[in-house]
Number of protein chains: 2
Amino acid sequence: MKSSRDVAGDSGASATDRMRASALKDDVSFLLARANALSLSAGHAALAPFNLRVRSYSILALVADDIRPSQRDIAEHLRLDPSQVVSLIDDLQTRGLVKRDPDPTDRRTNVVVMTDEGRELFRSAHDAVRAAERDLHSHLSPDQRERLSELLLLVAFPD
Amino acid sequence: MKSSRDVAGDSGASATDRMRASALKDDVSFLLARANALSLSAGHAALAPFNLRVRSYSILALVADDIRPSQRDIAEHLRLDPSQVVSLIDDLQTRGLVKRDPDPTDRRTNVVVMTDEGRELFRSAHDAVRAAERDLHSHLSPDQRERLSELLLLVAFPD
DNA sequence: TATTGTTATACTCTATAACTATA
DNA sequence: TATAGTTATAGAGTATAACAATA
């Protein structure tokens, strides 16, 4: 049904094939966007049982292990606006997963720390995310995954 | 100013350093999201002079070179909902950059084709995007860029 | 003066459902 | 019965500006 239009084209290739060979084919930005979209979908699916979104999960990850970032630190690392961090932390705090600690050396800043509940939820969520990621990249060799991770680190943190 | 809190921490590393070493450090999803955010910013900045967004630019790229995709084809390749493609094409068509051609073999489907104006605008925009991308990845070697592209292709199109 | 957190607002993007015309 | 395009709507994400408290 769909191929009837395709064979009517000037070449033997389908529109889908021609799109793959389009100007976007070696466009890292486009590949990044598409890869990210797939990864986001998988992430949200994996996190739904924990009532977390990718962004709230990322905040939990940054707050785990006594990292003690300020809201500003979190905003910069996650490339979020500080005002977005406010409502994300509000939500996590309401749920008892993190809390705001006053910084004794600067009364303007809040240091965000994890509660025991948060730690426990994050542990489970972390496992689920890693499993989903393993599944999503199961067609890559361990070596390819390693190299992808290294290269992405360079692109994500250019400094 | 900022380091006063950091040195008060239990380790000598700043919160920023500790965040980099967090559970997210080897999380391909996170690196993908951050790299994509940087790439999107650069892309939008490069495309602003042409009055294009990344998504409308991507559609132009898919419509160039007599690819003749249907709106459905575009939606799938770009991972957009078909309803989003409608308004994107509406806008591009209003601006005279693309047009909808009826498919002679299936009266339900529109084949999207480029106008001469669209072709010309795309050529300039394409150059600008490639320049911005070169700039963004100037700290990567040509070999690293090549490998990144190959690996991303595998992740973006797993099939 | 500059910075942290906060509130408010508007805009873009994403996801879903329902409808029509065709197949 | 299924598919292409369309309309409508709500929710999530993004960007910006302004403010109070503090440095």
Side-chain angles (χ1 to χ4, degrees), chain A residues 1-6 15-16 33-34 36-41 43-45 47-48 51-59 68-76 78-91 93 98-112, chain B residues 1-6 15-16 33-34 36-41 43-45 47-48 51-59 68-93 98-112:
Chain A
M1 214 120 289
K2 142 184 248 247
S3 55
S4 64
R5 174 170 47 76
D6 292 334
T16 303
R34 198 179 202 277
N36 183 48
L38 291 171
S39 157
L40 265 179
S41 300
H44 282 137
L47 289 170
N51 226 317
L52 290 171
R53 308 278 303 166
V54 165
R55 290 164 64 175
S56 40
Y57 167 80
S58 302
I59 290 191
R68 301 182 67 79
S70 70
Q71 295 187 191
R72 216 74 184 190
D73 292 333
I74 292 172
E76 278 163 24
L78 259 30
R79 278 190 61 86
L80 299 174
D81 190 87
S83 65
Q84 298 169 25
V85 176
V86 172
S87 55
L88 286 165
I89 302 281
D90 279 351
D91 175 59
Q93 190 170 35
V98 305
K99 63 192 212 314
R100 288 170 164 100
D101 260 12
D103 182 338
T105 74
D106 185 339
R107 283 190 297 174
R108 290 174 305 180
T109 94
N110 297 326
V111 165
V112 185
Chain B
M1 211 121 286
K2 142 182 247 248
S3 55
S4 63
R5 173 167 51 73
D6 291 333
T16 303
R34 199 179 202 275
N36 182 49
L38 292 172
S39 157
L40 266 179
S41 301
H44 281 136
L47 289 170
N51 226 318
L52 291 172
R53 307 279 304 168
V54 165
R55 289 163 64 173
S56 39
Y57 167 81
S58 301
I59 289 190
R68 301 182 66 79
S70 70
Q71 297 187 190
R72 217 75 185 189
D73 291 334
I74 293 173
E76 279 164 23
H77 200 70
L78 259 31
R79 280 190 60 89
L80 298 175
D81 191 88
S83 65
Q84 298 168 25
V85 176
V86 172
S87 54
L88 286 164
I89 302 280
D90 280 350
D91 175 60
L92 292 173
Q93 190 170 36
V98 306
K99 63 191 210 318
R100 290 170 162 99
D101 260 11
D103 181 338
T105 73
D106 186 338
R107 282 191 295 174
R108 290 174 305 180
T109 96
N110 296 325
V111 164
V112 185

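From a predicted model like this one, the values you see are computed outputs, not experimental measurements.
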Trainee: Can you find a heavy atom in the side chain of Asp106(B) that is under 4.5 Å from one in the side chain of Val111(B)?
Mentor: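 No. Closest side-chain heavy atoms not under 4.5 Å.
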Trainee: Measure CZ/Arg107(A) against C1'/dT4(C) and give the value in whole Å, please.
Mentor: 13 Å
Trainee: Considering the options Leu80(B), Leu47(B), Leu78(B), which one meets the side-chain contact (heavy atoms from CB on, under 4.5 Å) requirement together with Arg55(B)?
Mentor: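 Single side-chain contact (heavy atoms from CB on, under 4.5 Å) partner of Arg55(B) among Leu80(B), Leu47(B), Leu78(B): Leu80(B).
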Trainee: When only distance counts, do a donor and an acceptor, one from the side chain of Arg108(A) and one from the base of dT3(C), lie under 3.5 Å apart?
Mentor: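 Answer yes: a donor N or O sits under 3.5 Å from an acceptor.
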Trainee: When the distance from CZ of Arg100(A) to C1' of dT4(C) is rounded to whole Å, what number comes out?
Mentor: 12 Å
Trainee: Figure out the NZ/C1' separation between Lys99(A) and dG5(C), and round it to whole Å.
Mentor: 18 Å
Trainee: Without hydrogens or angle criteria, can the side chains of Ser70(A) and Asp73(A) be said to hold a donor-acceptor pair below 3.5 Å?
Mentor: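 Checked: Ser70(A)/Asp73(A) side chains pair up, N/O donor to acceptor below 3.5 Å.
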Trainee: Please list all pairs meeting salt bridge (charged side-chain N to carboxylate O under 4.0 Å, His left out) that have one or both residues in residues 80-89 of chain B, counting only residues at least two apart or in different chains.
Mentor: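 Of all non-adjacent pairs touching residues 80-89 of chain B, none passes salt bridge (charged side-chain N to carboxylate O under 4.0 Å, His left out).
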Trainee: Within the 4.0 Å heavy-atom criterion, would you say Arg79(A) contacts the bases, only the backbone, or no part of the nucleic acid?
Mentor: nothing
Trainee: Let me have a per-nucleotide readout for nucleotides 7-14 of chain C, 5' to 3', with B, S or -, counting only protein heavy atoms under 4.0 Å.
Mentor: BB---SSB
Trainee: How long is the line joining CG of Asp106(A) and P of dG5(C), in whole Å?
Mentor: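 Interatomic distance, CG of Asp106(A) to P of dG5(C): 8 Å.
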Trainee: What is the distance, rounded to the nearest whole Å, between atom CG of Leu78(B) and atom P of dA15(C)?
Mentor: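 Taking atom P of dA15(C) as the reference, CG of Leu78(B) is at 13 Å.
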Trainee: Base, sugar-phosphate, or nothing: which does Arg72(A) touch, judged by heavy atoms less than 4.0 Å apart?
Mentor: base
Trainee: Taking the side chain as C-beta and beyond, is there a heavy-atom pair between Leu88(B) and Arg53(B) under 4.5 Å?
Mentor: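 The answer is no, as the side chains (C-beta and beyond) never meet within the 4.5 Å cut-off.
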Trainee: Side-chain contact, heavy-atom cut-off 4.5 Å: Arg72(B) with Thr109(B)?
Mentor: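 Heavy-atom side-chain distance check fails, nothing below 4.5 Å.
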